[in-house]
*Asks:* 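Here it is: the structure, laid out below.
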Amino acid sequence: MITPGFFGYYNASRGLMASQNALSVINQNISNANTAGYSREEINFKATDAYAIPSTSQVTNAMVGQGPVVQQITRVRDQFLDAQYRLANGKLGSNSSTNDALQQIQGIINEPSTDGLSATLQNFFNSAQAMSQDPSNSATRSSFVQQAVDLTTVIQQQAQQLSDMRQSLVGSPLAPGSFSTSQLATSVSQVNNDLSQIAALNQNIVSIQSTGAEPNDLMDQRDKLLDDLSKLVDIQVTNHDTGQVDVSIAGQTMIQGVKQLDSLQVVQNTGTSPTPDDVPALIQTVNGGVVLNDGTAPDLSSGTIKGISDMGGNDPNLSTIRGMIGKLDDLMNSLTTQLNTLQTTGFDQNGNSPPPALFVNDPTINPGQSLNIFHWTVNPTIVSDPTQVATAINDPTTATGFAGTGDGRNALAMAQVQTQTFAALGNADVMDYFNGVVSKLGIDAQTYQNTTTSQTSQVNTLDTSRQAVSGVDVDSETIDMMRYQRAFEGTSKVLQTIDQMMQDIISMIN
Amino acid sequence: MSINRVTSNTMSSQSLYYLEQNMSSLSDLQQKMSSQQNINKPSDDPVGLTSLLNLNTTMAADTRYSSNIDTALTETNTSDTVLTNMTNLIQRAQELTTEASNFTNNQDGRNAIATEIDQIINQLVQLGNTDIGGKYIFGGFQTNTPPFTRSGDNITYNGTPSTSAWQRTAEVSQGIEVPININGDNLLGHATVATAGPPLPVTFTPDSQGIFETLVNLKQDLQAGGDPNQLSEISKRLDDLTTGLNTVLGQQASIGAITNRLTMTQSRLSDRKSVLTQQYASIQTIDMPSTVANLNQEQNIFQASLSVTGRLLSTSLLDYLK
């Protein structure tokens with residue numbers, strides 16, 4: 001018994017269809033070669049069940065194949081690599097955002113340079129020293145006052161720049177609007193946005209997968225979102241057989257199944273009595289009400305948001321923005337206390353005592369209030385009349401205390417404040433203290449720079465590994481294309497042959 | 001190990017990654033070359049930076065001490081010159097006195113000598129009021145008013161008295177202050193106690209021996225006439241003049257010693273400056289040959305990676321399918 005006549009047509013048609021399907025997958029792969037997050041797709045064929053031809057001569061039936069069918073189009077993806085990649089990506093996120101902020105602080109502190117604080121302090125003390133040599137000379141007095149103005153300007157500007165930077169990073173209680181426009185808030189809303197998209201994709205994927213189909217493109221999209229999310233915040237992803245993924249942030253479940261349970265929000269840290277040393281902005285889960293960045297568990301462990309929040313926070317072991325402002329503040333307070341004491345107990349050029357304080361709060365802004373680094377300035381009275389700088393000491397051996405205009409001993413004492421140690425500065429003098437601060441900043445910046453470099457390289461390596469699995473190689477797709485083209489040609493030839501045979505038979509009937 | 005699957009995208013993203021790295025090394029070197037500094041920001045070398053900032057502080061302090069010494073030397077050198085002139089004047093007074101003691105019966109001659117003595121007093125007052133750019137150097141802390149004023153035979157000292165606590169000083173090293181001035185009362189004395197002017201807690205006794213006192217007495221003796229007793233008074237004044245001269249010479253010696261000390265400190269500072277500058281340079285100044293070599297190397301690497309990238313990324317199987 002021979003196979004039924006039209007059997008060959010079906011077989012060939014299946015072959016042609018298979019090749020066409022394969023080509024369309026190749027088409028999809030090549031077209032998406034540069035699509036971010038795209039995983040290459042593979043087409044899997046299987047031979048259809050063989051058809052048993054009853055045999056006349058043999059006991060057993062002969063089995064004749066019926067051509068291929070598409071079993072599945074799957075995306076090629078390694079979930080283990082994904083998990084590793086996301087872990088490294090989160091670490092890169094936190095390190096690189098910390099590094100960015102530290103580099104920015106380095107730019108503001110501007111050392112070593114001829115116009116940084118270190119040089120300005122030196123110039124100031126040098127001018128006091130020069131004034132002590134010739135206190136009746138108006139040039140040395142003016143130069144001293146000018147250097148004092150420079151000093152206040154540099155410290156004030158650096159503090160202001162740092163404060164502005166902190167405000168744009170995490171917001172400031174002084175500008176309540178800044179909490180919603182800060183980098184932290186922007187990143188958090190990015191997280192929420194990603195979360196809601198992932199939840200929506202979960203829904204679609206589950207409903208498509210329940211029909212037995214593979215929603216490859218949607219899964220790619222979701223994986224891309226998870227990658228993005230992993231850079232922002234540390235996420236834990238649990239894959240389910242039904243197709244959905246559960247996502248939690250710092251152990252707090254955000255997405256379970258097709259439902260989004262929670263999201264993040266940035267709130268101003270009011271505390272019981274908000275101080276500038278507080279972490280100005282808290283990251284909270286909306287429904288759970290759990291704070292994720294106040295240093296108590298559960299805590300963020302990686303991601304851009306952690307980096308931003310760390311630098312905007314008050315970790316004493318890191319050169320945070322607030323920490324740097326605090327250091328400048330300590331420096332300012334120590335200098336002011338000491339120099340104002342000298343100034344107000346001495347005698348000015350004309351033998352008047354007590355002269356007005358040297359450093360004050362800008363009297364046009366907040367006169368009489370305690371010293372504020374942002375309004376710290378040289379007393380305008382002294383700026384307009386440098387003879388009021390107390391260059392002479394109060395000399396108890398004289399009748400009035402004033403020894404003469406040539407007495408520069410108080411000015412010398414001011415100059416010697418440079419080498420005086422302060423308990424508030426950890427028993428260091430102002431120069432050493434500031435050097436230490438800059439050096440710590442340098443070490444922090446170097447550490448995070450190096451970590452960022454190595455983390456970038458790790459993420460890069462992991463991405464290469466993922467690409468090795470999931471990436472589209474145009475060359476190999478081209479080879480496949482040629483393969484299926486040949487198969488198509490061959491099948492066509494078979495079909496032509498079968499058709500020719502059928503015609504031969506039909507023509508016999510005529 | 002199996003052969004890793006390398007896709008064209010892997011190649012391009014890897015190329016990009018390494019090109020970026022090369023670029024960043026190049027940019028670092030370029031920054032070093034154009035600033036000629038090793039450390040441009042704290043993270044470049046935090047440890048080196050600490051030494052650098054400390055060196056900066058030390059060098060700035062030394063520069064300041066050195067300029068203090070320059071100012072002090074101007075004053076001590078001027079003082080030295082003035083003291084030499086004073087010495088000459090006092091020696092002239094001694095000659096005149098010796099001469100006068102021989103004019104036993106010549107009042108006219110004595111009067112002429114008295115006039116010259118009077119001129120010497122004027123010149124001494126003038127020398128005592130020497131100033132450097134308006135700053136009177138023999139008045140102690142009173143640098144704005146002339147230390148000596150003469151009214152008739154009264155010569156008043158207006159400056160601050162000479163005790164160590166009233167000495168103007170120059171800080172020449174950390175914590176080391178060198179006195180730089182001679183107070184006029186110590187040098188020339190006075191003829192009367194200051195009544196007006198700045199508060200002087202130290203009371204001058206009217207008979208305290210100073211050259212002014214001696215000269216005024218001498219002048220009055222000479223004018224007084226040829227009493228033989230006066231003559232013996234006149235020759236007694238010679239001793240007083242010698243005492244006055246010795247006072248000035250003694251002060252000149254101490255000014256000389258101070259000048260020496262300042263000069264030696266200055267040269268020590270300049271020695272130290274060259275050492276510190278060398279240290280500074282070893283940390284901060286780039287090593288040109290090695291930086292240029294590094295730059296060339298990095299440039300070669302960069303060009304090589306560019307050329308490899310260009311070649312690899314342009315090849316595709318599709319080029320060979322016609």
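Just so it is clear, the structure is predicted and the values come from calculations on it, not from any experiment. Protein chains get the first letters and strands the later ones, always in sequence-line order, with residue 1 at the start of each.
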*Asks:* Taking side chain as everything from C-beta outward and backbone as N, CA, C, O, which of these in A:Thr405 sits under 4.5 Å from a heavy atom of chain B? Side chain, backbone, both or neither.
*Replies:*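 For A:Thr405, backbone and side chain are both near chain B.
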*Asks:* Go through the atoms of A:Gln133 and report whether side chain, backbone, both or neither lie under 4.5 Å from a heavy atom of chain B.
*Replies:*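 Answer is both: backbone and side chain atoms of A:Gln133 are under 4.5 Å from chain B.
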*Asks:* Is it the case that the side chain of A:Gln106 and the backbone of B:Ser43 share a donor-acceptor pair, with hydrogens and angles ignored and the cut-off at 3.5 Å?
*Replies:* yes
*Asks:* Can you name the nearest heavy-atom pair linking B:Ala60 to A:Asn126, along with the distance?
*Replies:*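 What the structure gives for the nearest pair is O-ND2, 3.8 Å.
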*Asks:* So for A:Ile443, is it side chain, backbone, both, or neither that comes closer than 4.5 Å to the heavy atoms of chain B?
*Replies:* both
*Asks:* If the contact rule is any heavy atom under 4.5 Å from chain B, which residues of residues 135-144 of chain A qualify, in numerical order?
*Replies:* A:Ser136
*Asks:* Hey, are the side chains of B:Thr71 and A:Asp134 touching, using non-hydrogen atoms and a 4.5 Å cut-off?
*Replies:*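 Not in contact.
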*Asks:* Which pairs count as salt bridge (charged side-chain N to carboxylate O under 4.0 Å, His left out) when at least one residue sits in residues 9-23 of chain B, sequence neighbours excluded?
*Replies:*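 Listed once each, the pairs would be none.
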*Asks:* Side chain, backbone, both or neither: which part of B:Glu75 has a heavy atom under 4.5 Å from chain A?
*Replies:*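 Answer is neither: B:Glu75 stays 4.5 Å or more from chain A.
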*Asks:* A:Asp407 side chain to B:Phe141 main-chain N or O, any donor-acceptor pair under 3.5 Å?
*Replies:*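 No, A:Asp407 side chain to B:Phe141 backbone: no donor-acceptor pair under 3.5 Å.
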*Asks:* Got a second to check how far A:Thr478's OG1 is from B:Leu317's CG, nearest 0.5 Å?
*Replies:* 5.5 Å
*Asks:* List the atom of A:Gln122, the atom of B:Asn56, and the distance in Å for their closest heavy-atom pair.
*Replies:* NE2-C, 3.5 Å
*Asks:* Sort out for me which of B:Thr50, B:Thr169, B:Thr57 touches chain A most, counting heavy-atom pairs under 4.5 Å.
*Replies:*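 Among B:Thr50, B:Thr169, B:Thr57, the one with the most close pairs to chain A is B:Thr57.
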*Asks:* Side chain, backbone, both or neither: which part of A:Ile479 has a heavy atom under 4.5 Å from chain B?
*Replies:* both
*Asks:* With a 4.5 angstrom heavy-atom cut-off, which part of A:Gln416 approaches chain B: side chain, backbone, both or neither?
*Replies:* side chain
*Asks:* How far does OG1 of B:Thr58 sit from CE of A:Met431, to the nearest 0.5 angstrom?
*Replies:*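 The OG1 atom of B:Thr58 sits 9.5 Å away from the CE atom of A:Met431.
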*Asks:* Mind listing the closest non-hydrogen atom pair of B:Pro42 and A:Gly442 along with its distance?
*Replies:* CB-CA, 3.4 Å
*Asks:* So which atom in B:Tyr17 and which in A:Thr453 form the shortest heavy-atom distance, rounded to 0.1 Å?
*Replies:*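 Heavy atoms only, the tightest pair is OH-O, 4.3 Å.
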*Asks:* Test B:Lys41 against A:Ile109 for side chain to side chain contact (heavy atoms under 4.5 Å, CB included), laying out the working first.
*Replies:* CA-CA 9 Å; B:Lys41 49 184 191 305; A:Ile109 295 299; over 6 Å; no
*Asks:* Select one option (side chain, backbone, both, neither) describing which atoms of A:Ser465 are under 4.5 Å from chain B's heavy atoms.
*Replies:*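 Answer is neither: A:Ser465 stays 4.5 Å or more from chain B.
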*Asks:* Which residues in residues 22-38 of chain B have any heavy atom lying under 4.5 Å from a heavy atom of chain A?
*Replies:* none
*Asks:* Under 4.5 Å from any heavy atom of chain A, what part of B:Lys135 do you find: side chain, backbone, both or neither?
*Replies:*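 Just its side chain gets close to chain A.
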*Asks:* How long is the gap from CG on A:Asp432 to CG on B:Asn54, to the nearest 0.5 Å?
*Replies:* 5.5 Å
*Asks:* Does anything in residues 62-71 of chain B pair up under salt bridge (charged side-chain N to carboxylate O under 4.0 Å, His left out), and if so which pairs, sequence neighbours excluded?
*Replies:*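 Qualifying pairs: B:Asp62-B:Arg272.
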*Asks:* Below 4.5 Å, heavy-atom pairs only: which of B:Gly133, B:Pro46, B:Ser67 has the largest tally toward chain A?
*Replies:* B:Pro46
*Asks:* Measuring heavy-atom distances to chain A, does B:Leu49 have an atom under 4.5 Å in its side chain, in its backbone, in both, or in neither?
*Replies:* side chain
*Asks:* I'd like to check B:Glu171 versus A:Ser132 (side-chain heavy atoms, cut-off strictly below 4.5 Å). Are they in contact?
*Replies:*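 With C-beta onward as the side chain, the pair stays apart.
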*Asks:* Out of B:Gln284, B:Gln21, B:Glu177, B:Arg168, which one racks up the most heavy-atom pairs below 4.5 Å with chain A?
*Replies:* B:Glu177
*Asks:* Say whether A:Gln467 and B:Ser13, considering side chains only, have a donor N or O and an acceptor N or O under 3.5 Å apart.
*Replies:*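 There is no such pair between these side chains.
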